[in-house]
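To keep things clear, I will list the structure first and then write my remarks on it.
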Amino acid sequence: MFDIVYRSQKQRRKVFRVSGTECLVGRSRSCDLLLSSRSVNQKHLTFIQHANGIHLQDLGSSTGTYVNHQRVVDYGPIDALDEVSIGEYRLEVKQHTPIQTADLRTDGASSHSTGQTSSTIDVSTPSPVQSSGSVETVVAQSYNLEFAYWGRVVHERLLEAMDLRRKDVSRMSDSQLRAESGTFIKEIIQSLVSELPSSVNQEHLYRHVLNESVGLGPLEAFLEDDTISEVMVNNHEEIYVEKHGRLERSNVQFSSEKTVYSVIERIITPLGRRIDESSPIVDARLKDGSRVNAIIPPLSLKGPALTIRKFPKHQLSFQALIESESLSGDMVEFLKHCVEQRRNIVVAGGTGSGKTTLLNLLSGFIPHSQRIVTIEDAAELKLEQPNWVALEARPSNSEGTGQVTIRDLMRNALRMRPDRIVVGECRGGEAIDMLQAMNTGHNGSLTTVHANTPRDVVSRLEVLVLMSGIDIPIAAIREQIASAVDIIIQQNRMACGTRKVTQISEVVGVESGTIQLQDIFRFTTHGHDSDGRTLGQFETGGFIPTFYEHLRRQGVSLPIEAFTPSTHAVRP
């Protein structure tokens, strides 16, 4: 015995109860579930109940059977969150659904099998919404199929209510839309109160539907949790989070793929960006600056995927990094002098190693009297200086025109009289423009590069310069790099999830065609403790930076005690 919940674009949601183990669906009167539409074949598909669940079999239909937007012939077992599409109809299959039918009628569907009935939910018993719990409680609550089902019911009725009352949501502010939707949701839940199982908390249901309708759905709670640094949606059923540096799967889901698409659209639309089959990848940001990447089918095979790297609500400080042992106090003092004395710095590291965070902190050492221009793909940097201009690249529009690249912004920034140029990340031909800017009067510029070691940074910059399309000999490129870059900061994410500055190296010139580096500071590992945390110590390389002597000749006296051989152990 199982239930089929179905609806079309012109009809409300209905429930067809199957008393046996099979159900034939089509527009023929001999079918168990009759769907009167030209888009449905005479005998379209059959549902069969097996020991491991309900399976479906397409009976050679011309219009096809789709499960979660993918065409299928045989599929099963069907999950309660799977959406089956045939023509204009959407169907869901549920076993042992705790729905008490209040009104039995055919309404366009007929039952020919003994004991089978079609029913619709239409209850209007008022009852106040229970007030208990919080957004965090919703995440902590075990997400079950029953809760997901009723969330979809309320969500669909909300869309119908907004449409019937002709609400122009495009003209509403966020607060107005949230208030209007909240009122409708409460009314809908009150109308369903006698049907809702006791296991479904009404306040949790209210918050869940409200967040999916006008917010970011189940992601809202993760964005409010300061212990979570990254949120990864693999598909509507799989959500992973990075908490305290470790990945773990959450116990919540989106109700359907459609809601994931809605969340993506809600994020990118205010930024003037788009995502569709012709442009299935988009980078964007949230209002708090958090970085967002979305990719949808056909490129994402499991469904729409969404990755959010959270922007800290409270700006980190170097003191916090010292306390978390990401670097030592001597390293911070050295970097402070490097920025103040206009050394060109490249921050290197892998994905999620904290490059942008460190770049943001370094920019805080720039004197407020200087003019700064920042250039990014998706704006993340938050500077405190008053004379700061933030530039952001722009993708092409639906006609394929209007694209503004990092290179375009780099060339324009040189005409804006900047004292410092800060590029969020060099990942293409803009590297040659950055090196030329560093070599032609824009000392003290900062950028980041994806690389695993300082030596790899040099090789990476060579490749990026070659990507610019300008025919330059390798020897000339290396001379440019050695002349432009002063300091390379290597930041790595350790196996335990912590982030550490593992090397601070100085570029000292070119010898025999090879760029020479010397380590000023480094982090040496000594294994792991019983909890898996990386053990090690910060050490000095025993070298005094070459530019210190140059500054001393100019009358700038800087302490050199920090460069005498010593270590700073990281406690277990």
Side-chain angles (χ1 to χ4, degrees), residues 327 331 334-335 337-339 341-351 353 355 358-359 362 407 410 421 423 425-492 500-525 538-551 553 560 562-563 565:
L327 75 175
M331 297 164 90
F334 170 70
L335 293 176
H337 289 308
C338 288
V339 175
Q341 301 306 319
R342 301 181 72 98
R343 299 295 100 184
N344 294 321
I345 299 175
V346 175
V347 181
T351 300
S353 61
K355 301 186 300 297
L358 183 57
L359 184 68
L362 290 172
R407 288 203 72 180
M410 272 294 305
I421 297 176
V423 178
E425 182 180 345
C426 279
R427 58 164 67 97
E430 64 272 6
I432 182 63
D433 301 308
M434 188 71 194
L435 293 175
Q436 289 178 340
M438 289 176 171
N439 275 322
T440 55
H442 298 90
N443 296 330
S445 296
L446 309 169
T447 189
T448 70
V449 169
H450 274 271
N452 296 322
T453 66
R455 177 58 59 189
D456 288 345
V457 172
V458 175
S459 301
R460 174 79 170 149
L461 287 174
E462 292 176 6
V463 172
L464 294 180
V465 170
L466 293 173
M467 289 172 62
S468 66
I470 303 175
D471 188 14
I472 306 176
I474 289 294
I477 294 175
R478 290 175 180 170
E479 290 286 350
Q480 282 276 320
I481 295 173
S483 176
V485 180
D486 297 307
I487 299 294
I488 297 174
I489 305 172
Q490 183 67 45
Q491 178 143 328
N492 288 335
K500 296 187 184 298
V501 175
T502 54
Q503 283 175 278
I504 298 179
S505 302
E506 181 187 19
V507 180
V508 294
V510 180
E511 184 176 331
S512 301
T514 302
I515 295 177
Q516 302 298 308
L517 306 174
Q518 65 180 19
D519 286 347
I520 308 299
F521 295 95
R522 59 175 172 261
F523 177 76
T524 305
T525 60
F538 294 108
E539 302 174 343
T540 59
F543 297 101
I544 297 176
T546 57
F547 66 85
Y548 264 39
E549 183 61 32
H550 174 70
L551 294 175
R553 289 196 298 267
I560 63 173
F563 306 106

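Quick note: numbers below take in every heavy atom, side chains included, and nothing from hydrogens, waters or symmetry partners.
Partners of A348 according to the side chain to side chain contact (heavy atoms under 4.5 Å, CB included) rule, which considers only residues two or more places apart in sequence or in another chain, are A451, V457, Q490. When the side chain to side chain donor-acceptor pair (under 3.5 Å) test is applied to R478, the partners found at least two apart in sequence or on another chain are E462. Residues that satisfy the side chain to side chain donor-acceptor pair (under 3.5 Å) test with E430, not counting sequence neighbours, are absent from this structure. In terms of the side chain to side chain contact (heavy atoms under 4.5 Å, CB included) criterion, S459 has no residue partners (sequence neighbours excluded). Among residues two or more places apart in sequence or in another chain, the salt bridge (Lys or Arg N to Asp or Glu O under 4.0 Å) test is passed with R455 by none. Among residues two or more places apart in sequence or in another chain, the salt bridge (Lys or Arg N to Asp or Glu O under 4.0 Å) test is passed with R342 by none. Residues satisfying the side chain to side chain contact (heavy atoms under 4.5 Å, CB included) criterion with A476, sequence neighbours excluded, are I472, P473. R460 meets the salt bridge (Lys or Arg N to Asp or Glu O under 4.0 Å) test with no other residue; sequence neighbours excluded. Remark: D433 pairs with R407 by the side chain to side chain donor-acceptor pair (under 3.5 Å) rule, at least two apart or across chains. The side chain to side chain donor-acceptor pair (under 3.5 Å) search around D486 returns none, not counting sequence neighbours.
Scanning both residues, Q491 and S353, for their nearest heavy atoms gives NE2-O, 2.8 Å. Nearest heavy atoms, P454 versus S505: CG-OG, 3.6 Å. The shortest heavy-atom contact between C426 and A431 is SG-CA, 4.2 Å. The nearest pair of heavy atoms linking V501 to F538 is O-CE2, 3.5 Å. Residues S483 and N439 come closest through the heavy atom pair OG-OD1, 2.8 Å. In this structure, K355 and V449 approach most closely via the heavy-atom pair CD-O, 3.6 Å.
Contacts classified as side-chain hydrogen bond (donor to acceptor under 3.5 Å, both in side chains) and involving residues 443-452 (residues at least two apart or in different chains) are given here: E425-H450. Residue pairs meeting the salt bridge (Lys or Arg N to Asp or Glu O under 4.0 Å) criterion with at least one member in residues 506-519: none, sequence neighbours excluded.
The backbone N or O of Q516 lies less than 3.5 Å from no partner atom in the side chain of Q518, so there is not a single donor-acceptor pair.
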Check your understanding: Taking it one step at a time, do L466 and I474 satisfy side chain to side chain contact (heavy atoms under 4.5 Å, CB included)?
Key -> CA-CA 9 Å; L466 293 173; I474 289 294; 4.1 Å; yes
**Study point:** CA sep, side-chain torsions, deciding dist, call: I432, V465, side chain to side chain contact (heavy atoms under 4.5 Å, CB included)
**Key:** CA-CA 5 Å; I432 182 63; V465 170; 3.9 Å; yes
Exercise for review: Dump the intermediate steps for side chain to side chain contact (heavy atoms under 4.5 Å, CB included) on R343 and H337, then the final yes or no.
Suggested key: CA-CA 9 Å; R343 299 295 100 184; H337 289 308; over 6 Å; no
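With contacts defined as side-chain heavy-atom distances shorter than 4.5 Å, the pair L517/V507 qualifies. By the 4.5 Å heavy-atom criterion applied to side chains, F334 and L327 are not counted as neighbours. V347 has its side chain out of reach of L446: every pair of non-hydrogen atoms, C-beta onward, lies at least 4.5 Å apart. Using a 4.5 Å cut-off on side-chain heavy atoms (C-beta onward), M434 and L461 make no contact.
Of the inter-residue distances, the one linking I520 atom CD1 with I544 atom CD1 reads 9.5 Å to the nearest 0.5 angstrom. The CG atom of L335 lies 8.0 Å from the CZ atom of F521; values are rounded to the nearest 0.5 Å. For the atom pair CD1 of I487 and CG of L362, the computed distance is 11.0 Å after rounding to the nearest 0.5 Å. Atoms CD1 and NE2, on I421 and H442 in that order, are 4.5 Å from each other to the nearest 0.5 Å.
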